[in-house]
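Note that the structure is predicted; figures quoted are calculated from it, not measured. These values consider heavy atoms only, across backbone and side chains, with no hydrogens, waters or symmetry-generated copies. Each residue takes its place number in the sequence, starting with 1. Just so you know, ligand 1 is whichever comes first in the structure, and atom 1 is the first atom listed for that ligand.
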Amino acid sequence: MHPTIAQKDVTLHIIKTFGLRMSKKLGQNFLIDEEIVEGIVEAAEIQPGDTILEIGPGIGTLTQGLAESGCKVVAVELDNRLIDVLGKTLAGYDNVRVVHGDILKIDISREIMAERYKVVANLPYYITTPIIMGLLEQRLPIERLVTMVQKEVAERMVAPPGGKDYGALSVAVQYYTQPEIMFIVPPSSFIPAPSVESAVIRCVVRKEPPVDILDERKFFRVVKAAFAQRRKTFTNNLKGAGIPAEQVQAILAEAGIDGSRRGETLSLDEFAAVANAWR
Ligand code: SAM
């Protein structure tokens, strides 16, 4: 029998026993709320035989919840000091393998043999976007990502066109996945408490893109250009990205888009039409 790590007294005991000083730089905010861990595990809808990639296991709080559900867990942790701690807190869980490394640098496909897997993580907030975008752009065989992120980032990921939250991150996440905010998490669910609210977001990776695109690189260049300067019109932002003025007019005419609009009003379909008209 293991004590549940996702409790304040157990977490404080582990911190004290190992003399840990939490690193703000590495985004170390450990969960102390059992219900949140259960909620994350539920959102992952773990099936027998599932493999989970966990990013940043910390002292093993979420890892334990995942391991208890019977799946295989590969947990990648950057902080050397925590590797020994995890060896102790997760002793006896034969279904967990801890990998010491930087999630932004390791070759994930060498660490995970499964044909398909899920990503579950309470992410280090200082690199949320590079982690999520990196995983999606590598086109790894990921079925879904269930991650804890800052609430404000979760809102940007699910934002529809037209509002201030909608940007390049919204378009990319919605292009690759179907995102849904599952629940909001208060600062008091962590030690130390972060200064912002958090949210658990589930992103189910699409089998097919939601729009037809001839050249994905062009699509993302158009999206990046559209949001480069939010106060500028779409026409001016396209010109700013180095497309000659006459060509911009021709592209917009073919795509049927009014160039005086702001990038943030364009839907995925409209971005696709522009990218496809750019030859
Ligand atoms: N999973 C634990 C929990 O829920 O309590 C800890 C989550 S804490 C928010 C983020 C964890 O990510 C920390 O343990 C931190 O050391 C780790 N981390 C930070 N940067 C990382 C990186 N580049 N690669 C892997 N892990 C990283």
Side-chain angles (χ1 to χ4, degrees), residues 2-15 18 20-44 52-69 73-90 93 96-108 111-112 118-135 138 140 145-151 153-154 182-183 185-201:
H2 292 76
T4 301
I5 304 171
Q7 302 181 78
K8 190 172 177 186
D9 54 345
V10 177
T11 297
L12 287 174
H13 177 74
I14 293 171
I15 290 172
F18 292 94
L20 280 176
R21 298 243 320 270
M22 324 272 267
S23 161
K24 207 173 169 182
K25 205 176 101 213
L26 290 181
Q28 290 177 353
N29 299 92
F30 298 154
L31 271 168
I32 51 166
D33 187 331
E34 213 176 331
E35 278 180 23
I36 304 292
V37 169
E38 281 165 11
I40 296 172
V41 172
E42 233 166 73
I52 307 286
L53 166 62
E54 192 200 353
I55 299 158
I59 56 171
T61 314
L62 179 55
T63 327
Q64 182 184 44
L66 292 165
E68 289 282 351
S69 78
V73 187
V74 177
V76 180
E77 174 57 58
L78 177 59
D79 188 344
N80 189 33
R81 303 169 308 157
L82 295 175
I83 303 300
D84 286 344
V85 178
L86 287 162
K88 304 267 177 5
T89 57
L90 298 174
Y93 288 105
V96 176
R97 188 161 67 85
V98 174
V99 175
H100 180 212
D102 182 339
I103 194 64
L104 296 177
K105 293 194 182 137
I106 63 161
D107 181 352
I108 296 168
E111 298 297 341
I112 304 192
K118 297 171 177 174
V119 172
V120 180
N122 171 14
L123 288 176
Y125 292 170
Y126 74 107
I127 42 170
T128 301
T129 307
I131 291 177
I132 291 180
M133 288 314 301
L135 293 172
Q138 286 179 66
L140 295 165
L145 299 96
V146 178
T147 55
M148 175 93 71
V149 300
Q150 285 180 42
K151 183 177 155 220
V153 175
M182 306 305 289
F183 51 89
V185 182
S188 59
S189 296
F190 304 85
I191 285 181
S195 51
V196 290
E197 278 191 303
S198 302
V200 171
I201 184 164

Check your understanding: Can you list the residues that meet the side chain to side chain contact (heavy atoms under 4.5 Å, CB included) rule with T128, with sequence neighbours excluded?
Key ->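 T128: side chain to side chain contact (heavy atoms under 4.5 Å, CB included) contacts with L123, Y125, I132, V149, V153.
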**Study point:** Counterpart residues, ring-ring contact (aromatic ring centres under 6.0 Å, His included), relative to H2 (two or more places apart)
**Key:**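 Only Y93 meet the ring-ring contact (aromatic ring centres under 6.0 Å, His included) criterion with H2.
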Practice item. Using the test side chain to side chain donor-acceptor pair (under 3.5 Å), find all partners of T63 that sit at least two apart in sequence or belong to another chain. Key: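 In terms of side chain to side chain donor-acceptor pair (under 3.5 Å), with neighbours along the sequence ignored, T63 is linked to E54.
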Review point. Would I59 and F18 count as a side chain to side chain contact (heavy atoms under 4.5 Å, CB included) if you check the C-alpha gap in whole Å, the side-chain angles of each, and the deciding distance to 0.1 Å?
Key: CA-CA 10 Å; I59 56 171; F18 292 94; over 6 Å; no
Check your understanding: What heavy-atom pair brings Y126 and L78 nearest, and what distance separates the two atoms?
Key ->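 Where Y126 meets L78 most closely, the heavy atoms are OH-CD2, 4.2 Å.
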Review point. Of the non-hydrogen atoms in T11 and I5, which two are nearest, and what is the gap between them?
Key: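 Heavy atoms only, the tightest pair is OG1-O, 2.8 Å.
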Report every pair formed by an N or O atom of ligand 1 and a protein N or O atom separated by less than 3.5 Å, giving atom names and the distance to 0.1 Å.
residue: ligand 1; atom: 1 (N); partner: E54; partner atom: OE2; Å: 3.4
residue: ligand 1; atom: 1 (N); partner: G56; partner atom: O; Å: 2.8
residue: ligand 1; atom: 1 (N); partner: P57; partner atom: O; Å: 3.4
residue: ligand 1; atom: 4 (O); partner: N122; partner atom: ND2; Å: 2.8
residue: ligand 1; atom: 5 (O); partner: L31; partner atom: N; Å: 2.8
residue: ligand 1; atom: 14 (O); partner: G58; partner atom: N; Å: 3.4
residue: ligand 1; atom: 14 (O); partner: E77; partner atom: OE1; Å: 2.8
residue: ligand 1; atom: 16 (O); partner: Q28; partner atom: NE2; Å: 2.9
residue: ligand 1; atom: 16 (O); partner: E77; partner atom: OE2; Å: 2.6
residue: ligand 1; atom: 20 (N); partner: Y126; partner atom: OH; Å: 2.8
residue: ligand 1; atom: 23 (N); partner: D102; partner atom: OD1; Å: 2.8
residue: ligand 1; atom: 24 (N); partner: I103; partner atom: N; Å: 3.0
residue: ligand 1; atom: 26 (N); partner: L78; partner atom: N; Å: 3.4

